[in-house]
Amino acid sequence: MCDAAGAMTMEWLDWLSPENVLAGLGVLVTVGVLAYERLMPGLKRIGYRVQMDTLIGGDAQNGQADVRLGLFGETPEMSDASLVLLRIENDGLRAVGTEDYTSRELSGLTVTFTERTVTGVAVTEPSSPHLMSHFTPRAGLRHDPASNVVHVPKVPLNRGESYKLLVLLTGSGIGRPVTVSGGLREGAVKRNRRQPRPSNRVLGLVAFLALLLVAEPVVLTLGDRTLPPVGCAEGALTVTGSTAFAPVLEEVGTAYEKECAGATVTVDARGTGTGLWALDEAGKKAEGGAPAHVTLSDGAKPDSFPKLRERYVAVSVFTLVVNERARVKDLSLDDVRRIYRGDIVNWKEVGGADLPVRLVSRDADSGTREVFQRRVLDGNEPPHTARDCVHKDDPGARVTRCELNSTERVLSTVADVPGALGYSELRAADQLKGMRRVSLDGRAPSPESVAEKRYPYHETEYAYTYGQPPADSLASSFLDFLINGSGQNIVATHGHLPCAAPPNMELCRRS
């Protein structure tokens, strides 16, 4: 018996941890305040605010131009006309019924326009269609001729429901007070200067919960000073793969290290093919599960790596880049294919300068090149023929083409070599002068063009691990940070479309 009682006592003590006590208090206070708000009287309220008060035409008396056409100019009474848009809403905590209006008149509310005369009224933008059936003369909707008053019926309004009155007036009282008067049982009709003010009880609840949010981390820290941030893991992680995605990975790695003090992220991007091979080799050598290794790939992996498991990261946008001396801004897909076949060898053949075409390509390990061949060329690039990207090793070759092992080298070479044409990740091309992006069939390379299915040179970026790493592993933690956490913002700022964002989910799967 003593053992059982002791065990129950220990369970209670475990439950009475600081975070559980604070969470319980938060729930109790929330339920208590909401119950109080529901049960106490005085919580019915109709609020109103003027959303527009403007002259029709200019203010001629103050020297402004007065331009009017049609009815606004032909009717004499319109010479000093103005329009007011008034929003009336139930911003209280209870519904308002017709029986809640205290007026003995048929109408429930009275709207008064200081120093102006009402000439027309329209009811507009009801939050619920059924409200319009209450705006009839029999229900009390009217304005007296030569009067500055509009009478509004006793319209029942559920919480949050609203309607607007568009009122045409004459007179020079623009900007003068517009007031709505009336009475409510257990409530009031009040003007909202900006937005409805929450009740003091609700504000008190918000303040209390904010205090809990501030206090909880302090209490937890006092209880255990060694706990890392939620979702963090310690150790060393290697990230390999796409050189086009490397700037994103380096920035995300630095951000992860700052948030998770016990982690080190090393980015070693040498191309998609090299990265997939390195991950596969690391997995085969690892003992006791998946290694702390992640590879980013431009496009899906080949079938030759059956152990690798994928996750969608983003849609990457790529672009053709050309040396600015070529004076080319746009190419058709057919022109691009003819250039890589060797049918077009001088830029003047497509409206550019009199310069020879020199192709600067990535090597066979490049995912950017694989995407280019599949989505733009619809075939393979020709063999490389120039080690220096300028002079053909074989004078009889149809094209002048070299291969380089990184996006950075491709871009710097295109910028330096007159007539050079290459390709890269979209934002990487912002960094160097001496070259420009090339549109394809008049479609500019941009995330917007890809999202609208108008630009072909794009691909889903995949993250690969060897097998399925444990949920508490460094690889899983880093990928969650990259795909679902703060890394999303970094991905977007580099011009990619994060797959975790709802508008991009289907695009990621379709790409």
Side-chain angles (χ1 to χ4, degrees), residues 19 217 220 224 226-270 272 274-302 305-316 367 459-494 496-502 504-505 508-509 511:
E19 60 267 37
L220 294 179
D224 184 356
T226 63
L227 287 175
V230 175
C232 284
E234 298 181 349
L237 178 72
T238 299
V239 183
T240 60
S242 168
T243 63
F245 211 67
V248 174
L249 299 175
E250 290 167 356
E251 190 171 340
V252 171
T254 299
Y256 184 84
E257 289 175 344
K258 287 182 179 179
E259 186 162 321
C260 302
T264 301
V265 180
T266 301
V267 178
D268 185 21
R270 302 183 185 179
T272 293
T274 299
L276 291 171
W277 179 87
L279 173 62
D280 194 57
E281 289 298 305
K284 291 174 181 176
K285 296 175 183 177
E287 297 180 1
H293 192 135
V294 173
T295 291
L296 276 291
S297 170
D298 304 328
K301 68 175 179 65
F305 298 110
K307 296 288 188 180
L308 304 190
R309 297 293 178 265
E310 68 189 29
R311 291 181 67 176
Y312 298 111
V313 178
V315 173
S316 292
E459 185 56 271
T460 298
E461 199 74 27
Y462 293 85
Y464 284 97
T465 55
Y466 190 88
Q468 188 63 45
D472 59 352
S473 67
L474 180 54
S476 290
S477 174
F478 177 79
L479 286 178
D480 286 340
F481 183 84
L482 169 65
I483 297 170
N484 301 308
S486 301
Q488 279 192 79
N489 297 329
I490 298 173
V491 169
T493 57
H494 281 263
H496 306 275
L497 299 168
C499 290
N504 305 329
M505 289 179 178
C508 289
R509 295 184 176 92
S511 293

Side chain to side chain donor-acceptor pair (under 3.5 Å): pairs with one or both residues in residues 290-302, sequence neighbours excluded: T240-H293, T240-T295, S242-D298, D298-T368
Derivation of the salt bridge (charged side-chain N to carboxylate O under 4.0 Å, His left out) call for D480 and R311: CA-CA 10 Å; D480 286 340; R311 291 181 67 176; 3.2 Å; yes
Are F245 and H496 close enough that their ring centres sit under 6.0 Å apart? yes
Below 4.5 Å, heavy atoms only, C-beta onward: do C508 and V313 meet side chain to side chain? no
Between Y256 and S477, is a side-chain hydrogen bond (donor to acceptor under 3.5 Å, both in side chains) present by the stated rule, with each step listed? CA-CA 9 Å; Y256 184 84; S477 174; 2.6 Å; yes
Verdict with supporting geometry, E459 and V315, side-chain contact (heavy atoms from CB on, under 4.5 Å): CA-CA 6 Å; E459 185 56 271; V315 173; over 6 Å; no
Reported CG-to-OG distance for the pair L479 and S473, which is rounded to 0.5 angstrom: 8.0 Å
Are the side chain of Q488 and the backbone of N484 linked by a donor-acceptor contact shorter than 3.5 Å? yes
Judged by atom type as modelled, is there a donor-acceptor pair below 3.5 Å linking the side chain of T493 to the main-chain atoms of I490? yes
For the pair E310 and Y462, evaluate side-chain hydrogen bond (donor to acceptor under 3.5 Å, both in side chains) and give the outcome as yes or no after the intermediate values. CA-CA 6 Å; E310 68 189 29; Y462 293 85; 5.1 Å; no
My understanding is that only one of D268, V491, T254, L296 makes a side-chain contact (heavy atoms from CB on, under 4.5 Å) with L249; could you say which? L296
Donor-acceptor side-chain pairing of S316 and E461 below 3.5 angstrom: yes
Test F478 against V265 for side-chain contact (heavy atoms from CB on, under 4.5 Å), laying out the working first. CA-CA 9 Å; F478 177 79; V265 180; 4.1 Å; yes
Does any non-hydrogen side-chain atom of I483 lie less than 4.5 Å from one of C499? no
If every non-hydrogen atom of A263 is compared with every non-hydrogen atom of A233, which pair is closest and at what distance? CB-O, 3.5 Å
Separation of C260 SG from L237 CG (nearest 0.5 Å): 11.5 Å
Side-chain heavy atoms of L474 within contact of E234, under 4.5 Å: no
Inter-residue atom distance K284.NZ - K307.NZ, 0.5 Å rounding: 10.0 Å
Looking only at heavy atoms, which two atoms of A292 and A236 are closest? And how far apart? CB-O, 3.3 Å
Under 3.5 Å donor-acceptor, D280 side chain and F305 backbone: no
If you take all heavy atoms of A463 and V294, which pair is closest and at what distance? CB-CG1, 4.4 Å
Heavy atoms, side chains only, cut-off 4.5 Å: are T465 and L308 in contact? no
Contact check, side chains of R309 and Y464, non-hydrogen atoms, under 4.5 Å: no
For the residue pair A475 and P291, what are the closest heavy atoms and their distance? CB-O, 4.5 Å
